[in-house]
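As structure tokens, the structure follows; a few thoughts come after it.
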Amino acid sequence: MVPRTSQPVRHHVPAATGGLFASENGPTADDELDFIQPAKNYEWGAPPETVPGALAGHRMIDWTPVIVPTGITFLRRGAFGDEYASSLFVAGYDQADLRRVVLSGPQFTDVDDELPFARFDNTGIGNKPLDLAEAPDGSLYVSTFTAIWRISRY
């Protein structure tokens with residue numbers, strides 16, 4: 001059985017866990033960060049209790065109002081310091097921002113905090129983040145419609 005997701009935008013598999021993380025976009029509500037598991041149903045827009053317990057996937061975050069997540073990544077190389085090692089970074093198109101989601105647990109599926117990380121000029125669409133990735137030196141690459149930005153600690 002293939003897991004059901006509505007409109008998955010980005011997937012990421014961190015080496016530390018081997019788990020699969022996915023972001024989804026809803027039309028006006030219920031953007032999600034999910035931990036994907038085999039034979040699970042993520043039933044976009046439905047309260048988790050409406051999916052039979054054994055079939056319900058692990059919805060880590062439900063963003064309402066929407067943030068329009070367009071990219072997710074972990075940083076493995078520690079360029080921002082050890083305190084960022086258990087963080088997932090999320091690009092939010094709606095508010096032209098990056099968020100740091102602090103995770104814990106054996107598979108990094110427990111959400112401890114969601115913090116602002118960076119904000120782009122939200123005038124027009126030119127600087128809306130489209131995707132992000134870890135650079136070879138551990139900094140963060142962020143693509144927009146007009147540029148590829150490199151964000152580093154110093």
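Keep in mind it's a predicted model, so treat the numbers as computed, not measured.
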Q. In the single-linkage hydrophobic clustering (I, L, V, M, F, W, Y; side-chain heavy atoms under 4.5 Å), do F117 and W149 co-cluster?
A. yes
Q) Are V66 and I125 connected, step by step, through hydrophobic side chains (Ile, Leu, Val, Met, Phe, Trp, Tyr) whose heavy atoms are closer than 4.5 Å? A) yes
Q. Does T109 reach the side chain of L103, with side-chain heavy atoms less than 4.5 Å apart?
A. no
Q: For A85, enumerate each residue passing the side chain to side chain contact (heavy atoms under 4.5 Å, CB included) test, keeping only those at least two apart in sequence or located in another chain.
A: none
Q. Could you give the distance from CG (D110) to CE (M60), rounded to the nearest 0.5 Å?
A. 8.0 Å
(Q) If you define the side chain from C-beta out and look only at heavy atoms, does anything of K40 sit under 4.5 Å from H58? (A) no
(Q) Tell me whether T64 contacts the main-chain N or O of D30 through its side chain, where contact means a donor paired with an acceptor under 3.5 Å. (A) yes
Q) Is L132 close to I151 at the side-chain level, that is, under 4.5 Å between some pair of heavy atoms? A) no
Q.
Under the rule for side chain to side chain contact (heavy atoms under 4.5 Å, CB included), what residues qualify as partners of D82, not counting sequence neighbours?
A. none
Q) If you measure from CD1 on I61 to CD1 on I67, what distance do you get to the nearest 0.5 Å? A) 7.5 Å
(Q) Using every non-hydrogen atom in the two residues, find where A79 and S139 come nearest and quote the distance to one decimal. (A) CB-N, 3.8 Å
(Q) For R119, give me all partners under salt bridge (charged side-chain N to carboxylate O under 4.0 Å, His left out), at least two apart in sequence or on another chain. (A) none
Q) So do the side chains of Y141 and P136 get within less than 4.5 Å of each other, counting heavy atoms only? A) yes
(Q) How close do V142 and P129 get, counting heavy atoms only, and between which atoms? (A) CG1-CB, 3.9 Å
Q. With a cut-off of 6.0 Å (strictly less than), are more than 12 heavy atoms of other residues, nucleotides or ligands near CG of L115?
A. yes
(Q) My understanding is that only one of D131, L88, L140 makes a side chain to side chain contact (heavy atoms under 4.5 Å, CB included) with T73; could you say which? (A) L140
Q. Quick one: does Q37's side chain get under 4.5 Å of L20's, heavy atoms only?
A. no
Q) What heavy-atom pair brings E83 and S87 nearest, and what distance separates the two atoms? A) O-OG, 4.0 Å
Q. At what distance, to the nearest 0.5 angstrom, does CZ of R59 lie from CG of L33?
A. 11.5 Å
Q: Check the angle between the aromatic planes of Y84 and F89 and answer parallel, tilted or perpendicular using the 30° and 60° thresholds.
A: parallel
Q. Does the ring centre of F74 sit less than 6.0 Å away from the ring centre of F21?
A. yes
Q) Taking V101 as the fixed residue, which of I72, V111, D112 is the one that meets the side chain to side chain contact (heavy atoms under 4.5 Å, CB included) rule? A) V111
Q | V68 reachable from F145 in the ILVMFWY side-chain graph, under 4.5 Å edges | A | yes
Q) Under 3.5 Å, is there a donor-acceptor pair between the side chain of D31 and the main chain of W63? A) no
Q. What distance separates E24 CD from D62 CG, expressed to the nearest 0.5 Å?
A. 10.0 Å
